[in-house]
Amino acid sequence: MSTDPVTTDTAARPVRVRFAPSPTGSLHLGGARTAIYNWAFARATGGSFILRIDDTDPERSTPENIAQIISALEWLGIDWDEGPVRGGDYGPYFQTERAASYVQALETLQANGWAYRCFCTPVELAAKREIARAKGGSAGYDGACRTLSEEQSQARANAGEPFVWRLKIPVDHGAIAFNDAVCGHTEFPADSIDDFVLVRSDGSPTYNFASIVDDAAMAITHVIRGNDHVSNTPKQILVLEGLGAPIPNFAHLSMINGPDGKKLSKRHGSTGVEEYADEGYLPEALMNYLALLGWSLDGETTLIDADTLKTHFNLEHIAKRPANFDFTKLTWMNSEYLRAMEPERFAHLMVECLARAGLVAYDDFEQRPDWYLTLTPLVSERTKLLTDIAPMTRFLFVDTVEPDETARKKVLEKDPTLVERALQVAQEILENIDPENWDTEHIEAAMADLPDSVGAKPRLAYQPLRVAVAGSTVSLPLNESMELLGREKTLARIRALL
RNA sequence: GGCCCGUUCGUCUAGCGGUUUAGGACACCGCCCUCUCAAGGCGGAGGUCACCGGUUCGAAUCCGGUACGGGCUACCA
């Protein structure tokens, strides 16, 4: 593929990428994916990852949102080399603190003949737009104020007439082209781009101005961002041309849609990263899933951890088409990470979940680590979400259990005779086990005779005992459960049903 | 309206002119394992590669058009 003549070759410069969220809400899935791609690309290329807060919209930007975005990134395990908290040589990293650099950029643009004042009022503009659109042409600004002489312009400004600064696109400018890492060669006819506003009448910069000025100032080499910015790219390239600054590489990521192919919204489920943490997802699972939503390592590998991402991520395998978010696959991935997790770590997470559910104390792991490490493999294998843990293991932490509806209907009430016999036999067997030998191995050996003794198939013979111990027809393995519950509690629960 | 972009199993994707009877993963179905539930093993179903036309000895792959979907078209980002 040939390099576009317009795109400055940045291969020689060290890679510098940035994630520049505007804090108008919490970090949503699309933003998180963009952050992951930027971060992984920086790590894989040995470059720098910069976090910049694009807070030029005073109406909607809040400190709470900034804090939330930062904590969401930290939770995901994304670290930045420069940005809020960390600082860096190209700061400040908040656009609201970079006003001086926009003023300077505007001066450069003026000096180069790339900017002019526009005194058209919003009302006039809206009317013009209306007419232009009705005629069927482009609805952009008609350039009415371009012809104002410097004297006229200055005079009107001095007189206190409000104005904005617009970019003055050269009349003879050809098509604006760039080579997008995802979309390939992309070209926009010059006349499809109007003299857009750079600086508002209140002196604040617009996004298309501030963002690219910052990118240039921060020596960004690759702009990796959402697809919704493709149409903004030629505008920003024009600003760079007016500034005489190098043009970075671009990579525009497709959007993330809901399972139904429509724009992802609350209706589909959670859209904010924080919510996934609350719902029991692991950051590594979300990162893996998001990374694969629009990118592939080799087309075969599905489980890709952060380390692999940090070494193998590239811009060559990014999909063009929008992806639908599949909660089921994410959940599966989560269960994979849960199962592969170090037992110690799982145990700690488990205790945390239990403590949060009010079932144990936060330091309970320290009180009986062996007990928890015995429990861990039984639970981790069955957990899809961290929030599954408390309900699954609850029976081990409460004093007594109440058989649930299914247990009553499908077991207790279905064959009371069998239930009674099974429980009685089980009680005898268990009472005969020496308290010192109360472990899965001995229990299992002793219980092996139960089906024969009660004259029922194993699945039917053990079910009453399961209901007695766990209060449900579905539970962790029986013998292990009894070991963990302890001899006294186990026998007490059997007695309670007799 | 204008300008851009996209379209491969239900979903995420591999595929860059012959190696493809289109590969993998999730979900789904069946069997095995089994004290329940999981996990695991084995197997299965599922795609006329949006449509139409062209280029070519040969196209999911290249070109054009159509349809559908999306983005931008703000003194939002």
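Per chain, numbering begins at 1; letters A, B, ... match sequence-line order.
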Which nucleotide, A77(B), C75(B), G15(B), lies nearest any side-chain atom of S22(A)?
A77(B)
Work out how far the P atom of G18(B) is from that of U61(B), and round it to whole angstrom.
12 Å
Starting from C1' on A77(B), measure out to NE2 on H28(A) and report it in whole angstrom.
11 Å
For L478(A) and A38(B), give me the distance from atom CG to atom P, rounded to whole Å.
16 Å
Does NZ or CZ of R156(A) come closer than 6.0 Å to the centre of the six-membered ring of F163(A), within 45° of the ring's axis?
no
Using a heavy-atom cut-off of under 4.0 Å over every strand shown, decide if V164(A) touches base, sugar-phosphate, or nothing.
base
Quick check: does any side chain N or O of H229(A) sit under 3.5 Å from a backbone N or O of G226(A), one acting as donor and the other as acceptor?
no
What do you reckon, are the aromatic ring centroids of F19(A) and Y37(A) less than 6.0 Å apart?
no
4.5 Å side-chain heavy-atom contact, N208(A) and V197(A):
no
Scan residues 458-468 of chain A against RNA chain B and write down, sorted by residue number, each residue with any heavy atom closer than 4.0 Å; if none is found, say none.
P458(A), R459(A), Y462(A), Q463(A), R466(A)
Here the distance between atom C1' of A38(B) and atom CD of E336(A), to the nearest Å, is 12 Å
Counting only side-chain heavy atoms from C-beta out, which of A27(B), U36(B), A77(B) sits nearest to R382(A)?
U36(B)
Output the single nucleotide from C4(B), C75(B), U13(B) whose closest atom is nearest the side chain of V230(A).
C4(B)
Answer with base, sugar-phosphate or nothing: what part of the nucleic acid does E480(A) contact at a heavy-atom distance below 4.0 Å?
base
What side-chain hydrogen bond (donor to acceptor under 3.5 Å, both in side chains) pairs are there with at least one residue in residues 474-487 of chain A, not counting sequence neighbours?
T440(A)-E483(A), R466(A)-S475(A)
May I ask you to verify if any side-chain N or O of K263(A) is less than 4.0 angstrom from the OP1 or OP2 atom of G71(B)?
yes
Going by atom types only, do T233(A) and R225(A) share a side-chain donor-acceptor pair under 3.5 Å?
yes
I'd like to know if the side chain of W438(A) and the backbone of L430(A) have a donor-acceptor N/O pair within less than 3.5 Å.
no
One thing to verify: whether D214(A) and R18(A) come together as a salt bridge, which I'm taking to mean a side-chain N less than 4.0 angstrom from a carboxylate O.
no
S22(A) and Y207(A), any side-chain heavy atoms less than 4.5 Å apart
no
Same-atom distance (P) from U19(B) to U73(B), integer angstrom:
45 Å
Tell me what P189(A) touches on the nucleic acid: a base, only sugar-phosphate, or nothing, going by heavy atoms under 4.0 Å.
sugar-phosphate
Report which part of the nucleic acid D202(A) touches: base, sugar-phosphate, or nothing (heavy-atom distance under 4.0 Å, all strands).
nothing
Under 4.0 Å, counting only non-hydrogen atoms across every strand here, what does R339(A) touch: a base, just sugar-phosphate, or nothing?
sugar-phosphate
S296(A) side-chain N/O to A14(B) phosphate OP1/OP2 under 4.0 Å:
yes
Check every atom of C12(B), A25(B), A77(B) against the side chain of N208(A) and return the nucleotide holding the closest atom.
A77(B)
Sequence-distant partners of R459(A), salt bridge (Lys or Arg N to Asp or Glu O under 4.0 Å), two or more places apart:
none
Restricting both atoms to N or O, compile the protein contacts to nucleotides 8-10 of chain B shorter than 3.5 Å, with distance only.
residue, atom, partner, partner atom, Å
U8(B), OP1, R321(A), NH1, 2.9
U8(B), OP2, R321(A), NE, 2.8
U8(B), OP2, R321(A), NH1, 2.4
U8(B), OP2, R321(A), NH2, 3.0

Touch class at under 4.0 angstrom, heavy-atom based, for L450(A) against every strand present:
nothing
For atom CG of L264(A) and atom P of G71(B), their distance in whole Å
13 Å
Could you check whether the side chain of N232(A) and the base of A77(B) have a donor-acceptor pair of N or O atoms closer than 3.5 Å, going by distance alone?
yes
Does S201(A) reach a base, just sugar-phosphate, or nothing at all? Heavy atoms under 4.0 Å.
base
With the side chain of W332(A) defined as its heavy atoms from C-beta on, choose the nearest nucleotide among G23(B), A25(B), C4(B).
A25(B)
Could you measure between the two C1' atoms, the one in C29(B) and the one in C72(B), and give it in whole Å?
45 Å
Using a 4.0 Å heavy-atom cut-off, does G226(A) contact any base of the nucleic acid, only the sugar-phosphate backbone, or nothing at all?
nothing
Categorize P122(A) for me: base, sugar-phosphate, or nothing, with a 4.0 angstrom heavy-atom threshold over every strand shown.
base
Between L338(A) and M341(A), does the side chain to side chain contact (heavy atoms under 4.5 Å, CB included) criterion hold? Intermediate values first, please.
CA-CA 5 Å; L338(A) 247 11; M341(A) 188 180 286; 4.0 Å; yes
In terms of relative ring orientation, are W295(A) and F313(A) parallel, tilted or perpendicular, with 30° and 60° separating the classes?
tilted
As its Watson-Crick or G-U partner within any shown strand, both distances under 3.5 Å, A50(B) has U66(B)
Anything under 30° is parallel, anything over 60° is perpendicular, the rest tilted; go ahead and classify H252(A) against F178(A).
perpendicular
Using a 4.0 Å heavy-atom cut-off across all strands, classify H252(A) as base, sugar-phosphate, or nothing.
nothing
Separation of I256(A) atom CD1 from G6(B) atom C1', in whole Å?
16 Å
Rounded distance (Å) that lies between atom P of A27(B) and atom NZ of K384(A)
7 Å
Without decimals, in angstroms, what is the distance between H229(A) NE2 and G71(B) P?
13 Å
Taking the P atom in each of C12(B) and A50(B), what is the distance between them to the nearest angstrom?
14 Å
For D298(A) and A14(B), what is the distance between atoms CG and P respectively, to the nearest whole Å?
10 Å
Which nucleotide sits closest to the side chain of V474(A): U36(B), C3(B), U13(B)?
U36(B)
Using a heavy-atom cut-off of under 4.0 Å over every strand shown, decide if T56(A) touches base, sugar-phosphate, or nothing.
sugar-phosphate
Determine the contact category for T302(A): base if any of its heavy atoms lies under 4.0 Å from a base atom, sugar-phosphate if only primed atoms, P, OP1 or OP2 are that close, otherwise nothing.
sugar-phosphate
What donor-acceptor contacts under 3.5 angstrom involve side-chain atoms of residues 407-415 of chain A, with partners at least two apart or in another chain?
residue, atom, partner, partner atom, Å
K409(A), NZ, E405(A), OE2, 3.0
D415(A), OD1, L418(A), N, 3.2

Under 3.5 Å, is there a donor on one side chain and an acceptor on the other for D195(A) and Y116(A)?
yes
For S475(A), answer base if it contacts any base atom (sugar-phosphate contacts may also be present), sugar-phosphate if it contacts only those atoms, and nothing otherwise; contact means non-hydrogen atoms under 4.0 Å.
base
Using Watson-Crick or G-U wobble geometry with both distances below 3.5 Å, tell me the partner of A60(B), or none.
none
Respond yes when some side-chain nitrogen or oxygen of N324(A) is under 4.0 Å from OP1 or OP2 of C12(B), and no when none is.
yes
Over all strands shown, is N257(A) touching base, sugar-phosphate only, or nothing at heavy-atom distances under 4.0 angstrom?
nothing
Does R129(A) put a side-chain nitrogen or oxygen below 4.0 Å from OP1 or OP2 of U73(B)?
no
Side chains of N232(A) and F196(A): does their closest heavy-atom pair fall under 4.5 Å?
no
Any protein N or O atoms within reach of nucleotides 46-51 of chain B? Criterion: under 3.5 Å, listing atom names and distances.
none

